[in-house]
Amino acid sequence: MVKGILFVLSGPSGTGKGTVCKKLLEREKELCLSVSMTTRECREGEIPGVTYNYVSKETFKGMIDNDEMLEYAVYNGNYYGTPREAVDSLLSSGKDVLLEIEPQGALQVKKLFPEAVLIFLVPPSMKELKNRLVSRGRESSEEIEERIKAAKWELAQAEKYSVHIVNDDLDVCTQNIIDYLNEKRGERRMIDKLINEEA
Ligand code: 5GP
């Protein structure tokens, strides 16, 4: 059985990772989203077990100690992470898996899975990034300034990713990601075919 590909969608807060991810999953039915675990509160409209698995800090820390997290990060005072087991079994059964995670986690994945495909979502401009953070109305103005500062550091890590895709127009951005996924799938298929070919 040929293993699936691990795709990681990441980028600074406010670049639209969540929206792009949703659109991508609507169009790419074969792609399996890994449901993350978090210690933050469930927000209105979110579905436990679908949006996230919501757990206590004790449970989360226990999973870290037992090496059950593929990656994790502390973000805004809460833990967020990818449970290892589900991802391993999906990849082993040949499914392609998508992680939608912030950049600290994405770089941990790259260390553990050098073959993972890391997609860095780029904002069209810093002004637009700020506008998006302001208009979603979740953070205070101090927090927004912190996010902008963090975004500059995160942008400086972009060279460690497989590809950079600008999220200016949602449909164009989603299509560019799908084209890239298909290119990577084609490359993997070609290599697997060669490995299994008689000389
Ligand atoms: P939110 O609280 O808005 O749902 O998510 C906050 C941030 O955590 C987002 O940037 C999101 O991409 C990131 N995130 C969600 N799940 C995970 C995860 O499993 N691991 C890491 N490292 N980040 C995550």
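The structure displayed is predicted, hence computed values, not measured ones. We count ligands from 1, going down the list as the structure has it; atoms in each ligand are counted the same way.
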For this session: Please confirm whether the backbone N or O of Pro123 pairs with a side-chain atom of Asn167, one donor and one acceptor, at under 3.5 Å?
Result: no

Seminar exercise, completed: Note: ligand 1 atoms sitting under 4.0 Å from heavy atoms of Thr82 are 19 (O)

Exercise. Looking only at protein heavy atoms, which one is nearest to atom 20 (N) of ligand 1, and how far off is it?
Worked result: Glu71 OE2, 2.8 Å

Problem set entry | Where ligand 1 meets Arg138 - atom numbers and elements under 4.0 angstrom, heavy-atom basis | 3 (O)

Exercise. Ligand 1 and Met37, any nitrogen or oxygen pair closer than 3.5 angstrom?
Worked result: no

For this session: Run the numbers for me: atoms of ligand 1, each under 4.0 Å from some heavy atom of Ala73, listed by number.
Result: 22 (N)

For this session: May I ask you to say whether Lys149 pairs ionically with Glu145, meaning some side-chain N is under 4.0 Å from a carboxylate O?
Result: no

For this session: Check ligand 1 against Lys17 and write out every atom of the ligand that is under 4.0 Å from a heavy-atom position of the residue.
Result: 10 (O), 12 (O)

Problem set entry | For Arg40, the ligand 1 atoms whose distance to one of its heavy atoms is below 4.0 Å | 1 (P), 2 (O), 4 (O)

For this session: Linking directly or through intermediates, with side-chain heavy atoms under 4.5 Å: list the remaining ILVMFWY members grouped with Leu194, chain and number order.
Result: none

Exercise. What residue and heavy atom of the protein are closest to atom 2 (O) of ligand 1, and at what distance?
Worked result: Tyr80 OH, 2.5 Å

Problem set entry | Flag side-chain contact, heavy atom, 4.5 Å: Glu139 against Glu146 | no

Seminar exercise, completed: In this structure, atom 16 (N) of ligand 1 is nearest to the protein heavy atom Ser36 OG, 3.1 Å

For this session: Enter the distance from Ser13:OG to Leu129:CG here, rounded to the nearest 0.5 Å.
Result: 7.5 Å

Problem set entry | Proximal ligand 1 atoms for Tyr52, defined as those under 4.0 Å from one of its heavy atoms | 1 (P), 4 (O), 5 (O), 15 (C), 16 (N)

Exercise. Any idea which part of Arg43 is under 4.0 Å from ligand 1, heavy-atom wise: side chain, backbone, both or neither?
Worked result: side chain

For this session: Identify the protein heavy atom lying closest to atom 12 (O) of ligand 1, giving its residue, its atom name and the separation to 0.1 Å.
Result: Glu100 OE2, 2.5 Å

For this session: Could you tell me whether the side chain of Leu91 reaches within less than 4.5 Å of the side chain of Phe113, counting heavy atoms only?
Result: yes

Exercise. Which heavy atom of the protein is the closest neighbour of atom 23 (N) of ligand 1, given with residue, atom name and distance?
Worked result: Glu102 N, 3.2 Å

Problem set entry | Basic-acidic side-chain contact under 4.0 Å: Arg132, Glu128 | yes

For this session: State, yes or no, whether a side-chain contact exists between Asp96 and Cys32 at a heavy-atom distance under 4.5 Å.
Result: no

Problem set entry | Carboxylate-amine/guanidinium contact Arg185 Glu28, below 4.0 Å | yes

Exercise. With a 4.0 Å cut-off on heavy atoms, does Ser13 reach ligand 1?
Worked result: no

